[in-house]
Each structure stands twice: as C-alpha cells, then as structure tokens.
There are 2 protein chains.
Amino acid sequence: MRSDCPLNYGLEIFGDKWSLLIIRDLMFFGKRYYNEFLTSAEGIATNLLADRLVMLEKEKIIKKEKDSQHKQKIVYTLTEKGIDLLPVIFCIGLWSEKYADIKLNPGRDIILGEAKKSLPKGVEKVRKKLIAEHGKPKGNRQ
Amino acid sequence: MRSDCPLNYGLEIFGDKWSLLIIRDLMFFGKRYYNEFLTSAEGIATNLLADRLVMLEKEKIIKKEKDSQHKQKIVYTLTEKGIDLLPVIFCIGLWSEKYADIKLNPGRDIILGEAKKSLPKGVEKVRKKLIAEHGKPKGNRQ
DNA sequence: ATTGACCGCTTGCAAAATACAAGCGGTGCA
DNA sequence: TGCACCGCTTGTATTTTGCAAGCGGTCAAT
C-alpha cells in the first residue's frame with residue numbers, strides 16, 4: 001500500500017482501464033462467463049482478463065464457481081463488495097454523460113436514468129436486485 | 001476510443017493509479033504547485049506527474065497559469081469538469097471506508113463525513129466552495 | 001472409443017507505460 | 001555574479017500491456 005488514503009485503496013484495486021469494465025459487464029450486461037467478457041466492445045486481451053479475474057477474486061469483489069448446469073463452464077458473479085461499486089460506476093457514467101460527446105444507445109440511457117434517480121437513495125433498489133441476481137447461477141434467471 | 005460506453009470514456013482519462021490522486025490533492029489538500037504534488041504520501045514520480053498534468057490539462061480537467069505573485073511558479077487549478085469529479089472521489093472514498101481496513105486520521109474523517117452528507121444533493125455545496133476556491137490563485141486564499 | 005468442437009485459460013514476445021535517479025534551463029534574490 | 005529554487009526533461013531498468021497462438025480438459029456426437 002502506498003498510503004492510508006481511502007481513495008488510494010480503491011485505486012490500487014480498480015485503478016486501471018479494465019477492472020471496472022468487467023464489473024460493469026457483470027452488473028448491467030448479465031455476463032457471467034469468461035468468453036462473454038472477451039466479446040465486450042472494448043476488446044480486453046485474454047491474458048489480461050485472466051489476470052484481472054484472479055485479482056478481483058482475491059480482493060473478494062467477484063466470486064468464481066462451477067456452473068451447475070454446464071459443467072465445463074465457470075460462472076463469475078459479484079460479491080456484495082463488488083455490488084457496492086455500483087455508485088462508483090454510476091458516478092463515472094454521469095460525469096461522462098455530461099462531458100463526453102457520446103451518443104447514448106437506448107440501453108445506456110436506461111442505466112444512466114437509473115443512476116440519476118438512485119444516487120444515493122435508490123442505489124439500494126438496484127443493489128438488492130443485483131444481490132438476488134448474483135446469488136443464483138445464470139441458467140436460473142429469466 | 002475503445003467504445004462509446006460512458007464508463008469507458010471516464011476510464012480512458014483517469015483510469016490509472018495517479019490521476020485521481022492529483023485531483024484529490026487539488027480538491028482537499030489545497031495543493032497548487034508542481035512540487036506540492038510530489039510530496040504526497042503515495043510518492044508519484046516526477047516524470048509521471050509531468051505527464052499527467054499535461055494530459056489533465058489537455059482533457060480540460062485542470063488549468064495551468066502563472067502565479068501572479070511568485071512569478072517563477074505555476075499554479076494548477078481545477079476546471080468545472082475537474083470539480084465535477086467530486087462525486088466519483090466521494091464514492092470511491094466511501095466504498096474504501098467500508099471495505100478497507102484503514103485507520104482514518106481526523107482530516108480524512110471530515111472529508112468522508114462530507115461525502116456521506118453530500119451524495120448527491122450536498123455535492124452542490126462543496127462544489128460551489130471549490131469553484132470559488134479555484135477561481136483565484138493560492139496566495140489570496142485564507 | 002474416437003473425434004472434434006468448445007471451454008477457460010497459458011505462453012511467448014514486442015511495445016508501451018512505469019519507476020527511479022540524475023540533471024537541466026530559466027527565474028529571482030542576495 | 002553566484003546560488004537556490006522552480007518546473008520539468010532525460011536516461012535507463014523494470015513492469016505492465018497488447019497481440020497472437022496454442023494447450024489441456026470436458027462434452028456431445030459418431
């Protein structure tokens with residue numbers, strides 16, 4: 001650790017270009033499998049993905065289990081610690097919406113709408129949904 | 001740009017281990033000069049600091065001016081775009097406070113107390129203070 | 001039982017970013 | 001005229017990233 005600053009603690013974990021994107025994929029895009037993360041628009045390299053998944057599990061932000069239905073697959077889900085990064089992702093999203101010259105597609109629009117409503121109170125709502133969603137394997141979801 | 005995701009826009013700018021620490025120093029610790037940033041606990045290297053300051057200015061998150069009083073000095077201050085990163089820093093701070101095993105010194109305690117009160121409404125208060133503070137050079141402040 | 005198509009990764013290598021130390025040109029003051 | 005201090009720059013070693021290829025294991029079909 002470089003210092004005892006709380007901000008610094010967070011940055012030492014997810015202060016890079018990829019970690020929060022993986023968490024985003026888990027939070028909003030329903031991705032659960034290794035090869036699903038690989039298909040994201042930003043195009044993470046497979047060795048970096050492997051590296052980050054190990055790190056995020058070590059930091060207890062995600063957990064890793066065997067898929068009960070497709071036995072050769074491995075399911076990645078968020079822990080509560082990971083789900084609690086929701087406000088961070090919302091904040092960055094809202095900031096970018098304000099300053100980036102980006103056309104939002106409908107899906108992103110919905111997410112940012114949620115962000116606006118939910119900082120901070122409504123975070124609880126999405127948070128509960130995520131806890132429910134991440135408690136069970138992908139196959140059982142609607 | 002790797003994608004049109006708002007989160008990704010933010011990460012491409014400040015998704016590293018140093019940028020937000022510089023912004024933190026500007027926001028909360030009253031630092032304005034190159035050599036002040038160098039003295040922070042995390043110990044950024046001088047070439048990295050120079051690199052980040054150029055980048056942050058290019059992204060219009062900070063601005064760079066000559067100090068009117070000490071003419072050999074250069075004053076760095078936050079733009080509105082930079083000040084608007086306040087919620088991001090607050091969110092990361094609160095998350096870390098919850099999950100990191102860190103003893104908070106009194107100063108940090110005050111900042112996080114502010115964060116708790118101000119997400120999202122009270123952000124406006126601190127934001128205005130920062131705008132006022134960053135409008136004038138360091139020498140004129142109390 | 002064998003084949004072949006996935007699955008989550010690993011490996012090798014080049015390029016870029018980071019970390020560390022030293023020093024440089026310009027300004028201001030004695 | 002010297003000297004200290006200012007914001008950087010430079011050089012070099014190390015680490016991280018980016019990219020491509022491939023590997024061992026599982027599963028389903030033949």
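Naming: A, B, ... by sequence-line order, numbering from 1 per chain. Because the structure is predicted, anything quoted here is derived from the model rather than measured.
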Supply the atom-to-atom distance Ile89(A) CD1 to Cys91(B) SG, rounded to the nearest 0.5 angstrom. 10.5 Å
Gln72(A) vs Val54(B), nearer the 5' end of DNA chain D by closest nucleotide: Val54(B)
Protein-nucleotide distance (Lys66(A), atom NZ; dG25(D), atom P), rounded to Å: 13 Å
Between dC6(D), dC19(D), dG8(C), which one does the side chain of Ala45(A) approach most closely? dC19(D)
Measure from the side chain of Ile74(A), starting at C-beta and using heavy atoms only, and say which of dG28(C), dC6(C), dG8(C) lies closest. dG8(C)
Are side-chain N/O atoms of Lys64(B) and Thr77(B) paired as donor and acceptor at under 3.5 Å? no
Atom CD1 of Ile44(B) and atom C1' of dC20(C): how far apart are they, to the nearest Å? 13 Å
For DNA chain C, whose closest nucleotide is more 5', that of Arg2(A) or that of Thr46(A)? Thr46(A)
Are Phe28(B) and Leu86(B) close enough, and set up right, to give a side chain to side chain contact (heavy atoms under 4.5 Å, CB included), and what steps lead you there? CA-CA 10 Å; Phe28(B) 302 117; Leu86(B) 183 63; 3.6 Å; yes
Side-chain N or O of Asn47(A) closer than 4.0 Å to phosphate OP1/OP2 of dT10(C): no
For Ala50(A) and Lys73(A), take the nucleotide of DNA chain C holding the closest heavy atom to each; which residue's nucleotide lies nearer the 5' end? Lys73(A)
Look at Arg52(B) and dT18(C) and indicate whether a side-chain polar atom (N or O) is within less than 4.0 Å of OP1 or OP2. yes
Distance alone, cut at 3.5 Å: any donor-acceptor contact between the side chains of Tyr34(B) and Thr46(B)? yes
Could you check whether Lys17(B) gets within reach of a base, just the sugar-phosphate, or nothing at all, counting any heavy atom under 4.0 Å? nothing
Is there a donor-acceptor pair under 3.5 Å between the side chain of Lys63(B) and the backbone N or O of Leu78(B)? yes
Among dT11(C), dA19(C), dG8(C), which is the nearest nucleotide to the side chain of Trp18(B)? dA19(C)
Determine: side-chain N/O of Arg32(B) to OP1/OP2 of dG7(D), distance under 4.0 Å, yes or no. no
Measure NE2/His70(B) against C1'/dG7(D) and give the value in whole Å, please. 15 Å
Nearest to the side chain of Tyr34(A), which nucleotide is it out of dG7(D), dA19(C), dT10(C)? dT10(C)
Of the candidates dG7(D), dA19(C), dG28(C), the side chain of Leu48(B) sits closest to dA19(C)
